[in-house]
Amino acid sequence: MRIIAIHEYRDDHLQKVIDDAKGYDSIELRGVLDDDIDAFLLFEGCHRIEAALRLQMPLVLVDCSSVEFIDIEIPRLEWMLKPVFRNGKSAVSELEQAMNWCGKEYAASEFASVRLQAATYQEPR
């Protein structure tokens, strides 16, 4: 399975994220699993996934395709995603359609381990 980041990470921010990641047992990232292209498309965490790779930390990929809304903040892409947010939450189906995954592509085999889990439902506020 491939894992595709939403955008490229920035070197100037990566070291801070790597330093922060050292305090965790694993890195959890949300997105959607697309079986048609055998890829997990990340909604967040382009710096955290790179930190997980460099530190060889386990990844937990949270598949949000079964929930209607999620809390998410993507400051660099807010201009593009503003129409899909409602009361601080985003409709997953609309978010998936609005995204343009143009970040680094990873193979799951590059990481210490990768576990896929389903997201739990979150009620919009």
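Since the structure is predicted, the reported quantities are computational estimates derived from the model, not experimental observations. Heavy atoms only: backbone and side chains are in, while hydrogens, waters and symmetry mates are out.
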> Less than 4.0 Å between a side-chain N and a carboxylate O, is that true for Lys104 and Glu50?
Replying inline: yes
When you compare the side chain of [Y] with that of [X], does any pair of heavy atoms fall below 4.5 Å?
X	Y	answer
Asp34	Phe40	no
Arg54	Leu14	yes
Arg2	Ile37	yes
Arg115	Leu59	no
Ile49	Tyr9	no

Quick one: [atom1] on [X] to [atom2] on [Y], what's the gap to the nearest 0.5 Å?
X	Y	atom1	atom2	answer
Arg10	Cys46	CZ	SG	8.0 Å
Met57	Arg48	CE	CZ	11.0 Å
Leu41	Ile4	CG	CD1	5.5 Å
Phe111	Ile3	CZ	CD1	5.0 Å

>> If you count heavy atoms of other groups shown closer than 6.0 angstrom to CG of Asp25, is the number above 12?
In response: no
When you measure from the side chain of [X] to the backbone of [Y], do you find a donor-acceptor pair of N or O atoms at a distance under 3.5 Å?
X	Y	answer
Gln15	Asp12	no
Asp63	Leu33	yes
Glu44	Arg30	yes

> With His47, which of Asp20, Ile18, Asp11, Val17 fulfils side chain to side chain contact (heavy atoms under 4.5 Å, CB included)?
Replying inline: Val17
So which atom in [X] and which in [Y] form the shortest heavy-atom distance, rounded to 0.1 Å?
X	Y	value
Val114	Ala108	CG2-O, 3.6 Å
Ala52	Ile27	CB-CG1, 3.7 Å
Val32	Cys64	CG1-C, 4.3 Å

> Same cluster or not: are Tyr24 and Val62 linked, directly or through other Ile, Leu, Val, Met, Phe, Trp or Tyr residues, by side-chain heavy atoms under 4.5 angstrom apart?
Replying inline: no
> When hydrophobic residues are tied together by side-chain contacts of less than 4.5 Å, even through go-betweens, does Leu53 share a cluster with Val60?
Replying inline: no
